[in-house]
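Below is one structure, written out as C-alpha cells; comments come after it.
What's counted below: heavy atoms across the whole structure, side chains too, no hydrogens, waters or symmetry copies.
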Amino acid sequence: MRLSRYFLPVLKETPAEAQIVSHRLMLRAGMLRQEAAGIYAWLPLGFRVLRKIEQIVREEMDRAGAVELLMPTLQLADLWRESGRYEDYGAEMLRITDRHERELLYGPTNEEMITEIFRAYVRSYKALPKNLYHIQWKFRDEQRPRFGVMRGREFLMKDAYSFDLDETGAKAAYNRMFVAYLRCFKRMGLSAIPMKAESGPIGGELSHEFIVLAQTGESGVFLDRRILDLPIPGEDVDYDGDLEPVVTAWTSRFYAATEDVHDAARFAETPEGERVTARGIEVGQTFFFGDKYSKPMKAVVSGPDGVERPVQMGSYGVGISRLLGAIIEASHDEAGIIWPDAVAPFGVGIISLRPGDALVDAACESAYAALTSAGLEPLYDETDERPGGKFAAMDLIGLPWQLIIGPRGLAEGNVELKRRASGERRSLPLDQALAAITG
RNA sequence: CGGGGCGUAGCGCAGCCUGGUAGCGCAUCUGCUUUGGGAGCAGAGGGUCGCAGGUUCAAAUCCUGCCGCCCCGACCA
C-alpha cells in the first residue's frame with residue numbers, strides 16, 4: 001500500500017477523551033473513531049488488525065474442530081423468554097421494537113439462538129460432539145463504557161458453543177477449547193493465563209478466564225511465576241487425543257487467580273520468590289454449563305439407550321475487538337504501538353526520505369515490489385512529508401520493521417533497517433535488508 | 001446507577017467570574033526557502049461558541065431545561 005493512497009489520519013496530539021494508553025494510541029494512530037459512547041468506527045488501519053486477530057482465532061477454532069456459522073445481531077425477545085433471561089438481563093440488553101410492535105433485542109450473546117438452531121436439527125447422539133461458533137458484533141448497553149475498545153458497548157466477539165451427550169464428552173470439548181485458546185493468544189504474541197473464574201450471569205460450573213498481563217490491566221491478578229513457563233501445544237496438537245494432562249498442568253499445578261476469587265491462604269503456599277502480583281485484562285472465557293439452556297429450551301438428543309436427554313453444553317468467548325486494546329496495553333513504548341508480527345496491520349514500512357530523487361525512488365520501488373511479492377504487505381511512505389514526521393508516524397503505528405531509504409545511505413550503497421520492537425538499526429545493502437525481513 | 005467535570009475551527013486549549021461584533025498553538029491551503037527524528041518566513045481559508053427557551057439595548061459569558069461526552073465508584077467481556 002502506498003501511503004499517499006491510503007487513509008491514515010494520524011494525530012500529533014491526543015484527543016481529550018482518551019485516558020488509557022491503548023485508547024490514546026489507537027486514536028492517534030488513526031485506527032479508530034468514536035461515534036458514540038462505547039461505539040467506534042474502525043478506520044482502515046484498525047480494521048486490518050481486527051481482521052488479522054479474527055483470522056487467527058478462526059484458524060485455531062477450525063483446527064480444534066469447531067464449525068463456523070453466522071447468526072444475526074438481532075434476536076427475538078421470545079427466544080430469550082424461553083430461557084428466562086429476557087427478564088434477567090436487565091438494562092444492559094438493548095431492546096428494540098420493530099414496526100409490527102414485535103420485541104427484538106441486539107444480542108449480547110447467543111446461547112439461546114444456538115440452542116434453538118441445534119434443537120431444530122439434531123436428535124441423535126450420533127451427530128455429537130458438535131461445536132459451532134461465529135464471529136459477530138454484540139451489544140451490551142454498559143452503564144459506563146470506557147477504556148476505548150476494551151469496554152465498548154458494541155464489540156466483536158467470537159463465541160463457540162459445544163454440544164455433547166454427557167459430561168465426559170463435554171469436558172473433552174471444554175479441553176479442546178482450552179488448548180485452542182492457549183494457542184490463539186500465543187500466536188498473537190500474548191501471554192494469556194487461564195485463571196479460575198466465577199461464571200457470571202451466563203451461569204455454569206466449570207469456567208476459566210484467560211488473562212493477559214499488562215501494567216495497565218483492569219483487574220488485579222495473583223500468580224505463580226512458573227505458570228508463565230508452561231509449554232503450549234504446537235500446531236500438531238491432537239485434538240482427538242486426551243488433552244486433560246495439558247489442562248491439568250495449566251489449571252492445578254501453579255496458583256493463578258483474579259482478585260475476585262483470590263485465596264490469600266493458598267497463594268501463600270507458593271514460594272515467596274515465585275509470587276507475582278500484577279494486573280490483567282480478560283480476553284477470553286470458557287464455560288461448561290451443562291443443561292442450563294438445553295433443559296428449559298428442550299434441546300434433547302437420544303442416547304444409545306434410546307432415552308432422550310438435554311444436551312450438555314459449553315460456551316467459549318474471545319473478545320476480538322478488545323484484543324486490540326489488550327495487545328497494545330501489553331506492547332507499546334513512549335513512541336507508540338509495537339505490533340507483534342502476527343497481528344501487525346502491515347509487515348514493514350518503507351520510508352522514502354527523498355521522494356523524487358531518481359536513485360531513492362528506484363530503490364524504494366524495488367523494495368516495495370520485492371516485499372509485496374514476498375507477502376510482507378509493505379506500507380510505502382512516498383509522501384512529501386519531512387523525515388521527522390515520517391519517522392514519528394511510523395513508530396506510532398508500530399509496524400514490526402522499518403526500511404529507511406535515503407540519498408545519504410544510498411551513496412554508500414546502504415539502506416537502514418530498523419526493528420520496531422528493539423529499536424535496533426542496521427545499515428546494509430538493500431538486498432541484505434530484504435533478506436533479513438523476509439528470512 | 002451514585003458522585004464529580006467538560007462541551008468554543010479537524011485536534012489541543014484560552015476567553016465566561018466582571019455581558020459590548022470570537023482568540024492562540026497545531027493541522028489545512030498558497031508562495032519562497034528548507035529536507036536523515038514532528039522546519040522557517042510571508043500570506044489565506046475555516047466557528048449557527050452542544051441544543052432550546054429566558055433575562056437584557058446587547059449573551060460564548062447570566063438563568064432554566066434538555067442532549068452529548070469524560071473521570072471516580074458500583075457493575076461488566
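- Between the side chains of Gln136(A) and Asp159(A), no donor N or O sits under 3.5 Å from an acceptor N or O.
- To the nearest whole angstrom, the two P atoms, one in C6(B) and one in G43(B), are 37 Å apart.
- In summary, Arg140(A) and Glu92(A) do not engage in a salt bridge, as defined by a charged side-chain N under 4.0 Å from a carboxylate O.
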**OP:** Could you check Tyr293(A) against Arg85(A) for side-chain hydrogen bond (donor to acceptor under 3.5 Å, both in side chains), going step by step and ending with a plain yes or no?
**Re:** CA-CA 10 Å; Tyr293(A) 300 96; Arg85(A) 284 208 294 180; 3.2 Å; yes

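- Salt bridge present: Arg81(A) and Glu87(A) bring a charged side-chain N and a carboxylate O closer than 4.0 Å.
- Counting non-hydrogen atoms under 4.0 angstrom, Gly389(A) reaches a base of the nucleic acid.
- For the C1' atom pair drawn from G46(B) and G53(B), the interatomic distance equals 30 Å after rounding to whole Å.
- Here, G40(B) and U35(B) have their C1' atoms 12 Å apart, quoted to the whole Å.
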So which protein N/O to nucleotides 68-71 of chain B N/O distances come out below 3.5 Å?
residue, atom, partner, partner atom, Å
C69(B), OP1, Ala37(A), N, 2.6
C69(B), O3', Gln34(A), NE2, 3.1
C70(B), OP1, Gln34(A), NE2, 3.2
C70(B), O3', Glu17(A), O, 3.4

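- Nucleotides U30(B) and G54(B) are separated by 46 Å at their P atoms, to the nearest Å.
- Taking 3.5 Å as the limit, the base of C76(B) and the side chain of Arg151(A) contain a donor-acceptor pair of atoms between them.
- A distance of about 41 Å separates the P atoms of C51(B) and C32(B), rounded to the whole Å.
- For the C1' atom pair drawn from C70(B) and A59(B), the interatomic distance equals 27 Å after rounding to whole Å.
- Inter-residue side-chain proximity for Ile328(A) and Trp339(A) is flagged as met; some heavy-atom pair is nearer than 4.5 Å.
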Original post:
Would Trp250(A) and Phe178(A) count as a ring-ring contact (aromatic ring centres under 6.0 Å, His included) if you check the C-alpha gap in whole Å, the side-chain angles of each, and the deciding distance to 0.1 Å?
Top reply: CA-CA 10 Å; Trp250(A) 278 90; Phe178(A) 190 102; 7.4 Å; no

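- For G73(B) and G12(B), the C1' atoms lie 29 Å apart once the distance is rounded to whole Å.
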